[in-house]
Amino acid sequence: MLKDITIGQFFPGDSAVHRLDPRVKIVLTVAFIVLLFLAEGPISYALIVAFLAIIIGISRISPKLVVRGLRPILFIVAFTAVLNLFYTPGEYIWQWGFLHISREGIRTAIFMVIRLMLLIIATSMLTYTTSPIQLTDGLERLLSPLKKLHAPVHELSMMMSIALRFIPTLIEETEKIISAQKARGADFESGSLVQRAKAMIPILVPLFISAFRRADELATAMECRLYRGDVGRTRMRQLKIARVDICAMLICAAMFAAILLLRRYGL
């Protein structure tokens, strides 16, 4: 299961999606999330699925990798679908006690599953095609107006990018600890729920120690390189809006118009 967690990983490439300005990719990701909540009918969702499939194809990210990233959230998706299926009021087609299934519940459950899966895929594509440094620069530039309110924009952007960067590292560290504990005879699969929870302590303690050690090493490395935040800081690569960014924004605007039109007619 840990190997299926791909969020935070970056896969270098030279596709049009990789070359997009990080600010544009962040804005388009937020816009895509808004589109998901604006869509209501099957035609709208089919259009969004086709749009996302084209993006994945252009980015040259393996579809198997994208699907594998959905496995860790299958339980949450299934649980959400069951709740919507049995507790959505409407025209009942089956009922037993306090449980009931309605036509509206089936429709809501299907659309909710599609919405959650597309949401995870879209946000994952942002980290797949954008390096942590680009994410930091993009977030900082987008949030730069908050500097007038004395908000620590650079520090917040740096913390968010470091957190995303260290997700794969911590997952790899967790796998090593689990393998080491199993080699010593640890059992994480049998016993009651309380026993399984206690069995996780030998994993969590060294994991926290390793995380604090890595954080201390990173802080020392940044201090040795005279890192002082954004004070007097310059960038090797300046962010500029190119033609491909303008085209991407125009396509997103066209998608917005199409989804709003379909929403008006309940499609």
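Worth knowing before you read on, the calculation uses all heavy atoms, side chains too, and leaves out hydrogens, waters and symmetry mates.
- Residues passing the side chain to side chain donor-acceptor pair (under 3.5 Å) test with R263, sequence neighbours excluded: E40.
- Taking the side chain to side chain contact (heavy atoms under 4.5 Å, CB included) definition, one finds that L116 meets it with V77, T80, M112, sequence neighbours left out.
- Partners of F51 under the ring pair (Phe, Tyr, Trp, His ring centres under 6.0 Å) rule, at least two apart in sequence or in another chain, do not exist in this structure.
- When the salt bridge (Lys or Arg N to Asp or Glu O under 4.0 Å) test is applied to D14, the partners found at least two apart in sequence or on another chain are R19.
- Going from atom OG1 of T174 over to atom CD1 of I203 covers 8.0 Å, rounded to the nearest 0.5 Å.
- Taken together through direct or relayed side-chain contacts under 4.5 Å among Ile, Leu, Val, Met, Phe, Trp and Tyr, Y128 and L119 form part of one hydrophobic cluster.
- The side chain to side chain donor-acceptor pair (under 3.5 Å) search around T130 returns K25, not counting sequence neighbours.
- Here the closest non-hydrogen pair linking A109 and A81 is CB-O, 3.6 Å.
- Rounded to the nearest 0.5 Å, atoms CD1 (I43) and CD1 (I48) are 12.5 Å apart.
- Sorted by first then second residue, the side chain to side chain donor-acceptor pair (under 3.5 Å) pairs that include residues 49-66, not counting sequence neighbours, number zero.
- L261 and L35 fall within the same hydrophobic cluster, where Ile, Leu, Val, Met, Phe, Trp and Tyr residues are linked whenever their side-chain heavy atoms come under 4.5 Å apart, directly or through other members.
- Under the ring pair (Phe, Tyr, Trp, His ring centres under 6.0 Å) criterion, F32 pairs with no residue at all, not counting sequence neighbours.
- Contact check for T129 versus L20: no side-chain heavy atoms found under the 4.5 Å cut-off.
- Between the CD1 atom of I209 and the CD1 atom of I177 there is a distance of 9.0 Å, given to the nearest 0.5 Å.
- Separating the CZ atom in R264 from the CD1 atom in I259 is a distance of 15.5 Å, to the nearest 0.5 Å.
- For I58, the side chain to side chain contact (heavy atoms under 4.5 Å, CB included) partners at least two apart in sequence or on another chain are A16, V17, I54.
- A continuous path of hydrophobic side-chain contacts links L262 to L118 [ILVMFWY only; heavy atoms under 4.5 Å].
- Residues forming a side chain to side chain contact (heavy atoms under 4.5 Å, CB included) with S210 (at least two apart in sequence, or on another chain): E173, R213, R214.
- Between the CD1 atom in I26 and the CZ atom in R141 there is a gap of 11.5 Å [rounded to 0.5 Å].
- Both F79 and V82 are part of a single hydrophobic cluster, where members link through side-chain heavy atoms under 4.5 Å apart.
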Mind listing the side-chain donor-acceptor pairs of residues 241-257 below 3.5 Å, one per line with the distance, residues two or more places apart or on another chain?
| from | atom 1 | to | atom 2 | distance (Å) |
| --- | --- | --- | --- | --- |
| D245 | OD1 | D21 | N | 2.7 |
| D245 | OD2 | A242 | N | 2.8 |

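- Distance alone, capped at 3.5 Å, is enough to place a donor-acceptor pair between the R115 side chain and the L36 backbone.
- Contact between L47 and A258 at its shortest, heavy atoms only, is CD2-CB, 3.9 Å.
- Atom-to-atom distance recorded for S15:OG and I56:CD1 is 12.0 Å, nearest 0.5 angstrom.
- Under the 4.5 Å side-chain heavy-atom criterion for ILVMFWY residues, no single connected hydrophobic cluster contains both V30 and I120.
- Considering only residues two or more places apart in sequence or on other chains, T220 meets the side chain to side chain contact (heavy atoms under 4.5 Å, CB included) condition with D216, C224.
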